[in-house]
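All values derive from a computational prediction rather than experimental measurement. Order of the sequence lines sets the chain letters (A, B, ...), proteins ahead of strands, with each chain counted from 1. Just so you know, these numbers use all the heavy atoms, side chains as well, and skip hydrogens, waters and symmetry mates.
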Amino acid sequence: MKPFFIKSIAGNIFCLYHSPAVNVEFKRNILFIPPFAEELNRSRHMINKQAREFSEAGYGVLILDLYGTGDSEGDLGEASLAIWQKDILAAVSWLRSISDTSPIIWAMRTGGLIATDLLQKNSTLSDQMILWSPVIEGKQFMTQFLRIKTSANLTNESEDGKTSVKDLWENIDAGKSIEIAGYNLSAQMATDISALSLKAVKLPRNLSVKWVEISQAEPACLSPAIKKIVDTWKANDINITAAAVNDLPFYNLQEPVWANNYIKETLIL
Amino acid sequence: MTTILDVKNILVTTLQISGRANNIDAKTHLLGNIPELDSMAVAMLITALEDHFGFIIDDDDISAETFETFGSLCDFVIKKQSS
């Protein structure tokens, strides 16, 4: 496991490379695109476990902290989609310097929105993706994030008086940044993420996608919203396999839990 | 009624309090009584209810009273489902 920094457009970004196991045939490199804010903190253990499993199967895995997050330089308030996509391109360049083939792009939650948008703009970036419970609508995700602040009204943890989600969106539209659960959310970031949607993205034809979801239903099943997107992508010549597993939604849970079915399913590429 | 069971499952899973599930009934106080139910957990609970039941919860729909007891929370969800 090799920790190092890659120079990117706004500053140095922290990377962790899990080398492929030497006793198996090298398959390919994988680049991990992380989820947003607390979801990343809640998922670190699972991400690294998956990376170790990939490594044992012959994959090299580069885990990236986007600018302003984790151990990378900068503050979240200074980051933007444009900067984050440049970070991804810098990481891909690094992987291209150690391997002939493009990496598999493994993206989690909002990382899925960021990566698919980048693939739309840059279709030769990769021919293979793994999506971990991708967020479908950036705007809805942002509303849920803003709600962390307004919920403080209900639990009397608020110092700001009564703020509604509508008020917060008005502040964002006016270009103001908002502090939420210790994260500095800039108007730029909120606007950038809100503009992304898996329903609208046009992926390059013949892209292979493995989509893994957590389902609480018995038996595990994909939601109608996801099924619809999968069908649309199939109609546009995307080779997509989507699978739902029964497991705990670890990225939403404060206490770390293991989602081993999720990991097992992800290894089936 | 499956809605009440679903709400309990969502509450217990989101707050990770499965050991206390059997002690929760309509009269159980939530806000101020369950230490795991802080503002972050309330936000996550609302999102989980939205995702599971497929409705949108606006700020105007809810107040502290919605989360006063397990019963009041269930009443809210049942009402939201039929609106």
Side-chain angles (χ1 to χ4, degrees), chain A residues 37-39 41-42 109 133 135-137 139-160 162-170 180-183 213-218 221-226 246-257 259, chain B residues 2-21 28-70 72-73 75-77 80-81:
Chain A
E38 271 311 287
E39 288 194 358
N41 283 341
R42 297 181 197 130
R109 301 286 295 149
S133 302
V135 168
I136 295 176
E137 291 282 3
K139 179 81 192 243
Q140 188 180 20
F141 178 83
M142 268 298 133
T143 294
Q144 290 166 352
F145 190 67
L146 293 177
R147 207 183 258 150
I148 295 170
K149 197 160 183 85
T150 62
S151 294
N153 295 330
L154 301 178
T155 56
N156 293 321
E157 289 164 43
S158 169
E159 308 121 17
D160 304 338
K162 299 273 170 230
T163 329
S164 68
V165 167
K166 190 159 161 276
D167 293 336
L168 293 177
W169 275 119
E170 275 170 14
I180 297 183
Y183 292 96
E213 270 302 330
I214 289 183
S215 171
Q216 303 290 289
E218 300 261 8
C221 63
L222 298 169
S223 72
I226 292 173
N246 281 131
D247 240 328
L248 290 169
F250 59 93
Y251 49 85
N252 276 338
L253 300 176
Q254 294 294 87
E255 298 298 319
V257 296
Chain B
T2 52
T3 300
I4 293 175
L5 271 172
D6 286 352
V7 175
K8 189 186 269 200
N9 271 337
I10 290 165
L11 179 71
V12 157
T13 305
T14 306
L15 303 186
Q16 293 176 280
I17 53 171
S18 51
R20 282 176 258 161
T28 307
H29 281 265
L30 299 180
L31 267 186
N33 182 44
I34 300 187
E36 290 85 354
L37 194 57
D38 59 11
S39 59
M40 178 74 88
V42 168
M44 278 158 45
L45 187 55
I46 295 170
T47 298
L49 290 170
E50 279 187 326
D51 287 349
H52 180 86
F53 291 105
F55 45 58
I56 306 273
I57 298 175
D58 293 317
D59 287 340
D60 298 336
D61 293 341
I62 50 175
S63 65
E65 280 71 45
T66 312
F67 297 92
E68 193 181 341
T69 63
F70 179 64
S72 63
L73 183 60
D75 287 343
F76 166 75
V77 171
K80 199 77 183 135
Q81 276 184 304

Quiz item: Is there any salt bridge (charged side-chain N to carboxylate O under 4.0 Å, His left out) pair reaching into residues 39-55 of chain B, and which pairs are they, with sequence neighbours excluded?
Solution: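 Of all non-adjacent pairs touching residues 39-55 of chain B, those that pass salt bridge (charged side-chain N to carboxylate O under 4.0 Å, His left out) are A/Arg147-B/Glu50.
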Quiz prompt | Check against side-chain contact (heavy atoms from CB on, under 4.5 Å), A/Glu39 and A/Phe145 | solution = CA-CA 11 Å; A/Glu39 288 194 358; A/Phe145 190 67; over 6 Å; no
Practice problem: Using heavy atoms and a sub-4.5 Å threshold, report which of residues 7-18 of chain B line up against chain A, by residue number. | Solution: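 Those residues of residues 7-18 of chain B which have a heavy atom under 4.5 Å from chain A are B/Thr13, B/Thr14, B/Gln16.
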Practice problem: Drop me the distance from B/Met44's CE to A/Arg42's CZ, to the nearest 0.5 angstrom. | Solution: 4.5 Å
Practice problem: Drop me the distance from B/Phe70's CZ to B/Thr28's OG1, to the nearest 0.5 angstrom. | Solution: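 One finds 8.0 Å between CZ of B/Phe70 and OG1 of B/Thr28.
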Give me the atom names and distance for the closest heavy-atom approach of [X] to [Y].
| X | Y | value |
| --- | --- | --- |
| B/Asp61 | B/Lys80 | OD2-NZ, 2.9 Å |
| A/Leu168 | A/Thr150 | CD1-CG2, 3.7 Å |
| A/Ala217 | A/Ser215 | N-OG, 3.1 Å |
| A/Arg109 | A/Ser133 | CD-O, 3.0 Å |

Quiz item: Can you tell which of B/Leu37, B/Ile56, B/Val42, B/Thr47 has the highest number of heavy-atom pairs within less than 4.5 Å of chain A?
Solution: B/Thr47
Quiz prompt | Max heavy-atom pair count under 4.5 Å with chain A, selected residue of B/Gly32, B/Ser39, B/Ala41 | solution = B/Ser39
Exercise. Between chain B and each of A/Leu248, A/Val165, A/Leu253, A/Ile148, count heavy-atom pairs under 4.5 Å; write down the option with the most.
Key: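 Heavy-atom pair counts peak at A/Leu253.
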Quiz item: Checking heavy atoms, do the side chain of A/Ile180, its backbone, both or neither come under 4.5 Å from chain B?
Solution: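 Contact with chain B: none, neither part.
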Quiz item: Is it the side chain or the backbone of A/Ser164 that comes within 4.5 Å of chain B heavy atoms, both, or neither?
Solution: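 The answer is both parts of A/Ser164.
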